[in-house]
Amino acid sequence: METLGFLVDGFGVALQPHNLMFALMGAFLGTLIGALPGLGPANGVAILIPLAFTLGLAPETAMIMLTSVYAGAMYGGRISSILLNIPGDEPAMMTCLDGYPMAMKGKAAEALAISAVASFIGSLVATVGLILLAPLLADFALTFGPAEYFALFMLAFATLGGITGKNPMKTVVAACIGLMIATVGIDSTGTQRYTFNVLELYEGVDFIIAIVGLFAISELMFFIEDRAGGGKEKIAVNKLSLSWKDIRDILPTSLRGGVLGFVAGVLPGAGASLGSFISYTLEKRVLGSKGRFGEGDPRGVAAPEAGNNGASSGALVPMLTLGVPGSGTTAVLLALLISLNITPGPLMFTQNADIVWGVIAALLIGNFLLLLLNIPLVGIFVKLLSVPPMYLLPIVTMVAFVGIYSISNTTFDLYFMVAFGVFGYVLRKLEIPLVPIILGLLLGPEMEKNLRHALEISDGDWMVLWDSGLAIGLWVVAGLGLILPYIVGPVLRRRMKAGDAQSD
């Protein structure tokens, strides 16, 4: 009953006219961002963070808008998958297997509508799971001490590569780079570290500048390099003729996918890619010879879409309750919370309950908004795919520069952002992931603080880090998270590539 009361209060926040307007705007922009091949939700949220500061949004409004962008980008990723056979992001890759064959058969509108309905069901199931699980996990996290929190941060880094990560060693390198950047500034003892007598570095590196530079500016460089030319020939979208029978046929598939996706999202490092893959694989095994997977089966579109959207809501659970992001996009959202002087974790449910439950309520409302947007307006989103980058680039650049300048009103931050953008471009060329850098930058200070606190309590005895059963359990899971990508990752990637080859 207490959770229900908090949820009602959350709806009071989310249904305020200005919050509802920004949720609608975020859902629309997120769908557009998700539809653009290669951009993805993490880049999209990073690009729009400066907009929240430029508009001077309240913390709950900023979180509602950017969480809606996140959800919308997960919805939008299917558009280019179905029409162009180009995944909007990695989780949408499995949608190509049956979505593109449906489009080739003249059923593009049906495929887009089915994917929208499946995304709605999967996200709704996962949001209900978030409502039920998050308060329980937050209460449990209150029993954590500094040693347990340090082990938890190690777990976050150990599982960061994820089961679908391309190269776990490069992930470790990226995390180390992030931790190194986190040491810049004045530490808790008053000692300067790597400031080089530059006044602007005394307070450390600003999360938002690093994120916008690494994601948004580097993405602009890739737009200029790779996407200045034309794409594949677009497929015409036929008139929508989706019936209630079609929806009834995909309902069990979407429910199963939503549950599996939610579980994958809650697991740190697994995320939406695993959610979409296991949902598709399970559905293929459940239906067996009854399905026509790979040939344009509607359930082959519904399963991965329900899975990846379920995972996006599931990834909010560890971020809100433990302060540990469950995906790349939630790492960006975590940076936003920290920059707003809000500490994510179990105490957030009491100290900032209006923000937590306002965001959760906005997710429920946003799912309905996205369903209403994605079915009647799908033709508009399809046409927006043909907008040349030469028109998109100036808008994105303007938002990034104006937003960063509005935070501190100093040109140093603009130069710093561009430097991070060049650095991010080089790292992406070397196939070194950016999310571990952001996670290292975000969690590094708290990780160091908890380590110092644990050692102070134990008079410098390092055994305090393994002194409780909970800490030992977290260390064991962290060890498994570090080892499993080497064992399971190659197998999973081969299967995903095999499915992609089958689609081609």
S.K.: Can you tell me if NZ on K449 sees more than 12 non-hydrogen neighbours from other groups inside 6.0 Å?
M.R.: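 Check fails, neighbour count at 12 or below.
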S.K.: May I ask you to test the V422-M221 pair for a side-chain heavy-atom distance under 4.5 Å?
M.R.: yes
S.K.: Any pair with a residue in residues 443-470 that passes ring-ring contact (aromatic ring centres under 6.0 Å, His included), sequence neighbours left out, goes on the list, sorted by first then second residue, please.
M.R.: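 Checked against ring-ring contact (aromatic ring centres under 6.0 Å, His included) - neighbours excluded - the pairs reaching residues 443-470 are W466-W475.
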S.K.: Side-chain contact, heavy-atom cut-off 4.5 Å: L451 with L465?
M.R.: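 When only atoms from C-beta onward are counted, L465 and L451 do touch, with a gap below 4.5 Å.
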S.K.: For the residue pair G12 and Q16, what are the closest heavy atoms and their distance?
M.R.: O-CG, 3.3 Å
S.K.: Rounded at 0.5 Å granularity, tell me how far CG in L347 sits from OG1 in T321.
M.R.: 12.0 Å
S.K.: Using the side chain to side chain donor-acceptor pair (under 3.5 Å) criterion, which residues pair with Q192? Sequence neighbours excluded.
M.R.: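 Partners of Q192 by the side chain to side chain donor-acceptor pair (under 3.5 Å) criterion, ordered by chain and then number, come out as T195.
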S.K.: To the nearest 0.5 Å, what is the distance between CD1 (I131) and CD1 (I360)?
M.R.: 6.5 Å
S.K.: Within a strict 4.5 Å, meaning less than it, do heavy atoms of the Y75 and S312 side chains meet?
M.R.: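 They are not in side-chain contact.
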S.K.: Above 12 or not: heavy atoms from other molecules or residues under 6.0 Å from OH of Y415?
M.R.: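 No, the 6.0 Å shell around OH holds no more than 12 heavy atoms from other groups.
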S.K.: Set out, in order, the CA-CA distance, both residues' side-chain angles and the distance that settles side chain to side chain contact (heavy atoms under 4.5 Å, CB included) for I438 and L434, then state yes or no.
M.R.: CA-CA 7 Å; I438 296 301; L434 301 182; 5.5 Å; no
S.K.: Are F349 and D139 close enough, and set up right, to give a side chain to side chain contact (heavy atoms under 4.5 Å, CB included), and what steps lead you there?
M.R.: CA-CA 9 Å; F349 280 74; D139 290 340; over 6 Å; no
S.K.: Would you say S313's side chain and G310's backbone share a donor-acceptor pair under 3.5 angstrom?
M.R.: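 No: the side chain of S313 does not pair with the backbone of G310.
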S.K.: From the options N367, N308, N309, select the one residue that forms a side-chain hydrogen bond (donor to acceptor under 3.5 Å, both in side chains) with S123.
M.R.: N367
S.K.: Taking P146 as the fixed residue, which of N450, L455, V464 is the one that meets the side-chain contact (heavy atoms from CB on, under 4.5 Å) rule?
M.R.: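 Per the side-chain contact (heavy atoms from CB on, under 4.5 Å) rule, the option paired with P146 is N450, out of N450, L455, V464.
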S.K.: Are the side chain of E448 and the backbone of P445 linked by a donor-acceptor contact shorter than 3.5 Å?
M.R.: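 No.
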S.K.: With a 4.5 Å heavy-atom cut-off, do F53 and L340 have their side chains touching?
M.R.: yes
S.K.: If I compare all heavy atoms of M65 with all of L48, which pair ends up nearest, and what's the gap?
M.R.: CE-O, 4.2 Å
S.K.: Taking all non-hydrogen atoms of both residues, which atom of L441 and which atom of A210 are closest, and how far apart?
M.R.: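 The answer is CD2-CB, 3.6 Å.
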S.K.: Looking only at heavy atoms, what is the nearest atom pair of L334 and G323, with distance?
M.R.: CD2-O, 3.6 Å
S.K.: The criterion is side-chain contact (heavy atoms from CB on, under 4.5 Å); which residues satisfy it with V173, sequence neighbours excluded?
M.R.: I177
S.K.: Are any of the side-chain heavy atoms of L322 and V317 separated by less than 4.5 Å?
M.R.: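 L322 vs V317: side chains apart.
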S.K.: What distance do L370 atom CG and M74 atom CE have between them, rounded to the nearest 0.5 Å?
M.R.: 11.5 Å
S.K.: Taking the side chain as every heavy atom from C-beta outward, state whether L51 and L55 have any atom pair closer than 4.5 Å.
M.R.: yes
S.K.: Can you measure from CG (L29) to CD1 (I47) and round to the nearest 0.5 angstrom?
M.R.: 11.0 Å
S.K.: Given 3.5 Å as the limit, does a donor-acceptor pair link the side chain of N352 with the main chain of I355, or not?
M.R.: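 Looks like no, no N/O pair under 3.5 Å.
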S.K.: So L337 and M319, side chain to side chain contact (heavy atoms under 4.5 Å, CB included) or not? Walk me through it.
M.R.: CA-CA 10 Å; L337 284 173; M319 186 201 81; 3.9 Å; yes
S.K.: Could you please spell out the steps behind the side-chain hydrogen bond (donor to acceptor under 3.5 Å, both in side chains) verdict for S218 and R428?
M.R.: CA-CA 8 Å; S218 69; R428 290 174 66 177; 3.1 Å; yes
S.K.: Quick one: CZ on F22 to OG1 on T67, what's the gap to the nearest 0.5 Å?
M.R.: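 Here the rounded value is 14.0 Å.
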S.K.: Can a donor-acceptor pair be found, under 3.5 Å and without considering hydrogens, that links the side chain of T61 to the backbone of L57?
M.R.: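 No, T61 side chain to L57 backbone: no donor-acceptor pair under 3.5 Å.
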S.K.: Can you measure from CG (L369) to CE (M25) and round to the nearest 0.5 angstrom?
M.R.: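 Rounded to the nearest 0.5 Å, the CG-CE separation comes out at 13.0 Å.
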S.K.: May I ask you to decide if A471's main-chain N or O and S468's side chain share a donor-acceptor pair within less than 3.5 Å?
M.R.: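 Here the side-chain-to-backbone pair exists.
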S.K.: Among L363, N19, V69, find the residue that satisfies the side-chain contact (heavy atoms from CB on, under 4.5 Å) test when tested with I64.
M.R.: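 Output: one option passes, namely N19.
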S.K.: If we only count heavy atoms from C-beta on, is the Y70 to T330 side-chain gap below 4.5 Å?
M.R.: yes
S.K.: Taking the six-membered ring where the residue is Trp, are the ring centres of F401 and Y405 under 6.0 Å apart?
M.R.: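 Aromatic pair excluded; centres sit 6.0 Å or further apart.
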S.K.: Measure across Y194 and L201 and return the closest heavy-atom pair with its distance rounded to 0.1 Å.
M.R.: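 Closest pair (atom of Y194, atom of L201, distance): O-CD1, 4.2 Å.
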S.K.: Check whether R193 reaches the backbone of T183 with its side chain - one donor and one acceptor, N or O, closer than 3.5 Å.
M.R.: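 Here the side-chain-to-backbone pair exists.
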S.K.: Does any non-hydrogen side-chain atom of L474 lie less than 4.5 Å from one of M154?
M.R.: no
S.K.: Considering only NZ, NE, NH1 and NH2 on the basic side and carboxylate oxygens on the acidic side, decide whether E446 and R452 come within less than 4.0 Å.
M.R.: no
S.K.: Closest approach of A147 and A454, non-hydrogen atoms and distance?
M.R.: N-CB, 4.1 Å
S.K.: Does the side chain to side chain contact (heavy atoms under 4.5 Å, CB included) test come out yes or no for V266 and L130, once each step is laid out?
M.R.: CA-CA 9 Å; V266 170; L130 171 64; over 6 Å; no
S.K.: Do other residues, nucleotides or ligands put more than 12 heavy atoms under 6.0 Å from Y202 OH?
M.R.: yes
